[in-house]
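Some notes on the structure that comes next.
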Amino acid sequence: MEQFIAFGIVGLSAAAIYAIIGSGLVVTYTTTGVFNFAHGAAGMMAAFSYWQLSVGWGWPVPLALATVLLVLAPAFALLVERALRPVQQLGEAERMVMTIALLSALIALARWIWDPNKARSLPKFFADQTPIRFGDVTITWHQALTMIVAVAVALGLRVLLLRSRTGAEMRATVDDRGLVALTGADPVRANRVAWILGTELAAIGGILIAPTIALDSTQLSLLIVSAYAAAIFGRLRSLPMTFVGAVAVGCLESYLTGYLPQNEFLPGLRLAAPALLLLVALLLFPHGQLRGRDRQLSQVPLPSVRGTLAFGGVIVAFGVVLATVLGEADLVTYGQIFAFGVIALSFVPLAGYAGQISLCQLSMAGIGAIVCARFGAEGQWWALLATIVITALVGAVIALPALRLSGIYLALGTAAFAVILDRWIFTLPSFHIGDTEIALFDQGSVELTGPSLFGFHIDTPAETTVFAAVCLALATLAVAALRRGLLGRRLVALRDSEAAFATLGGSLLVTKVIVFAISAGIAGLGGALYGMQLQSVTADQFNFIAGLSIFLIAVLGGLGAVGSGLWTGTLLAGPFNAIVALWPKTQNLIHVIPGLAGFAFGAKAVQHGGISMMRASWDAALRDRLVMSVLGGWSVLLWILRLLDVVNGYVFFAGLLAGALGAMWWGQARHRTTADEPTEPEIPVEWWGVQRPWRPEDQEVLDRAIATRG
């Protein structure tokens, strides 16, 4: 009995911290309508800042606490509030992307400032004081302080929200911001108070829990999963139920630690328990109408057949060029462009066409790598087909609970699934079901080899790079064909309005299962290609945090564009790796860029997309045969010079970049010149998915079409 009570006290201590963090999350969401995925990262930064002041620089504890809680946390909250203010009236996706970008940026920033290879620890509060004893049960003063602070937070929030004018403004802002402004209140001030209050609570929670675990940026940031579960208990509205949920999460973790049988299969279950509880809460609890459902949706571009075929040819040519100008060591690094591109392409049908936001695509890629490694150990060509089919089946299973979830709830559910895989499933050792051995990463790494096709074994980095480029080109063509077909139109209709889609006879179950399966199958293929390129992969390479960068860059490119795959792969494995190769000290800093870019341009990118904006700049050059012929000749000349070792790799790629920029400028200049000449009335014609003026040769195409159709 004493042991049960002792574990209960530990659980209540953890629950107090989850309640503090979760209540800040609820206050921010209910007041501003922004679900802050970076809430835990804010607490993580507060904990690291407190360590730097109190331990690193030797400041007195009271002064360090006052600086973090009264200066740094409010300043950070005001900065975030100001940055997010323009997107509060937009849809869920824009707000979600901004906070996910902030989460990714803060984790990378912490790893850059504080070397993750150096161990750090914070002393517990009142560690030198004699613990409090109740019989055989011991309570440390740190645990007691944690529970006292949680009670004080609960009482303080009740007084603030129900007994003050500021609290009344905050509660009224939830219902109708415009009406609040008409009464003389200030919704902006209410938002600022909510952000400051939420960030303060995250900072308090981060500082209180940091002494009990290692100071690790990822681990501290993912503690928010427990707070997510607590907040879902309160349905993102009720603070009392959030505290109840925190008690459930904290006690579950503690009792699993104490009573879980000691074997090699179950340790990860304790780590995954908050994510499991979050997933169960999402599926069981009813969810009300989400705020901000009035989305401002952008059009999903319709790729043309000719344009998509040309783009596929460019992808393959890009792969051949890389394979012929780079050495084996560089190909292992830069050949990842096409594997990452396939993984990123999996977001297009799911999020771009159907509007279903998933944060577990890299986890699907991890499953694909495992399947390909187990079935294709000797280069069996059909292992890739098995990979696509099995990961598609996993995606179809995920789609079933997705029927109950949408928006942030779906994002939370897929994030919970990714964390469960990270912390538990991927860490399991091999086991047997009957006579069949089931092996995942087996607490280590898995080896992958390329397939054997037509008697030719793909095993060198150059061959793998070209093969991955061909796979990306084929996957791009398939996704474009999906958009042009009946299913693509159904998916876009589903994105626009699930209710209208179902009312008009569409099957939500069938459609969601199909699109989740397609997306997972593509991601699984990307994971297999990634493993082939590296030849050996570990579970950590497919974790939840690593997947955020892929999601963010894909969003910046535009989730509805089929070019999002090549865009993401090129940015993620190209310039970033090149910068690190030139300046190794930027290895941690470079990972901040996707998060900062998403935070700075996330809303605009979701609505417009970097690919469409770049395509508009290139439109004049792409329509000019002379410009494109000169660019093609220049590129071939540089390639030949590189093959002959006349120029090195840096000159080659710099020449390609200069040629591309020059062609874009020349095309725009020629377009401006011809635009001044008198022309026939402009009739918009679709070409490569964009509108262009009518040209004389278009009349021939029209005449042939009329003659053919009679």
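Everything numeric in this text was worked out from a predicted model, so none of it was measured.
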Are [X] and [Y] close enough that some pair of their side-chain heavy atoms sits under 4.5 Å apart?
X	Y	result
I611	S564	yes
I518	L487	yes
L276	F417	no
F653	L326	yes
Q541	L362	no
M364	I343	no
F542	V537	yes
F516	L350	yes

Applying side-chain contact (heavy atoms from CB on, under 4.5 Å), can you list everything that pairs with L400, at least two apart in sequence or on another chain?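 With sequence neighbours excluded, L400 shows a side-chain contact (heavy atoms from CB on, under 4.5 Å) to L509, V513, given in chain and number order.
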Where the side chain of [X] meets the backbone of [Y], is there a donor-acceptor pair that is under 3.5 Å apart?
X	Y	result
T427	W424	yes
S452	H457	no
R483	R489	no
Q336	V332	yes
T570	L566	yes
T414	A411	yes

Nearest-0.5 Å distance, [atom1] of residue [X] to [atom2] of residue [Y]:
X	Y	atom1	atom2	value
M532	F467	CE	CZ	6.0 Å
I522	I388	CD1	CD1	8.5 Å
L405	L279	CG	CG	8.0 Å
Q356	I398	CD	CD1	12.5 Å
I370	T391	CD1	OG1	11.5 Å
F340	I553	CZ	CD1	9.5 Å

Between L345 and V348, does the side chain to side chain contact (heavy atoms under 4.5 Å, CB included) criterion hold? Intermediate values first, please. CA-CA 5 Å; L345 188 65; V348 175; 4.1 Å; yes
Quick one: closest heavy-atom pair of [X] and [Y], and the distance?
X	Y	value
G560	V300	O-CG1, 4.0 Å
L103	A41	CD1-CB, 3.7 Å
I107	S221	CG1-OG, 3.5 Å
S217	A110	CB-CB, 3.9 Å
L421	S363	CD1-CB, 3.5 Å
A383	C372	CB-O, 4.3 Å

Check side-chain hydrogen bond (donor to acceptor under 3.5 Å, both in side chains) between [X] and all other residues, then give those that pass, not counting sequence neighbours.
X	value
D216	none
E447	S536
T465	Q533
D540	N543

T464/D459 under side chain to side chain contact (heavy atoms under 4.5 Å, CB included): CA gap, chis, key distance, verdict: CA-CA 6 Å; T464 306; D459 55 357; over 6 Å; no
Applying salt bridge (Lys or Arg N to Asp or Glu O under 4.0 Å), can you list everything that pairs with R490, at least two apart in sequence or on another chain?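 For R490 there are no salt bridge (Lys or Arg N to Asp or Glu O under 4.0 Å) partners, ignoring immediate neighbours.
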Would you mind writing out the side-chain donor-acceptor pairs for residues 633-641 within the sub-3.5 Å range, not counting sequence neighbours?
from : atom 1 : to   : atom 2 : distance (Å)
W634 : NE1    : G655 : O      : 3.0
S635 : OG     : L631 : O      : 2.9
W639 : NE1    : T324 : OG1    : 2.9

message = I need the full list of ring-ring contact (aromatic ring centres under 6.0 Å, His included) pairs touching residues 341-364, with sequence neighbours left out, sorted by first then second residue.
response =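 Checked against ring-ring contact (aromatic ring centres under 6.0 Å, His included) - neighbours excluded - the pairs reaching residues 341-364 are F347-F551.
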So L302 and R484, side chain to side chain contact (heavy atoms under 4.5 Å, CB included) or not? Walk me through it. CA-CA 7 Å; L302 182 67; R484 295 183 61 86; 3.8 Å; yes
For atom CH2 of W382, decide whether the heavy atoms of other residues, nucleotides or ligands shown that lie under 6.0 angstrom number more than 12.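 Counting other residues, nucleotides and ligands, CH2 of W382 exceeds 12 neighbours.
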Salt bridge (charged side-chain N to carboxylate O under 4.0 Å, His left out) partners of residues 636-646, not counting sequence neighbours, each pair once
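Checked against salt bridge (charged side-chain N to carboxylate O under 4.0 Å, His left out) - neighbours excluded - the pairs reaching residues 636-646 are R642-D645.
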Practice item. Starting from the C-alpha separation in whole Å, work towards a yes-or-no answer on side chain to side chain contact (heavy atoms under 4.5 Å, CB included) for F338 and L529. Key: CA-CA 8 Å; F338 306 104; L529 296 173; over 6 Å; no
| Under the ring-ring contact (aromatic ring centres under 6.0 Å, His included) test, residues paired with Y228 that sit two or more places apart |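 Here the qualifying residues are F35, F37.
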- Query: Applying side chain to side chain donor-acceptor pair (under 3.5 Å), which residue pairs with at least one partner in residues 339-350 are found, sequence neighbours left out?
  - Reply: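 The answer is S346-Q361.
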List, one per line, each side-chain donor-acceptor pair under 3.5 Å for residues 310-323, sequence neighbours excluded.
none

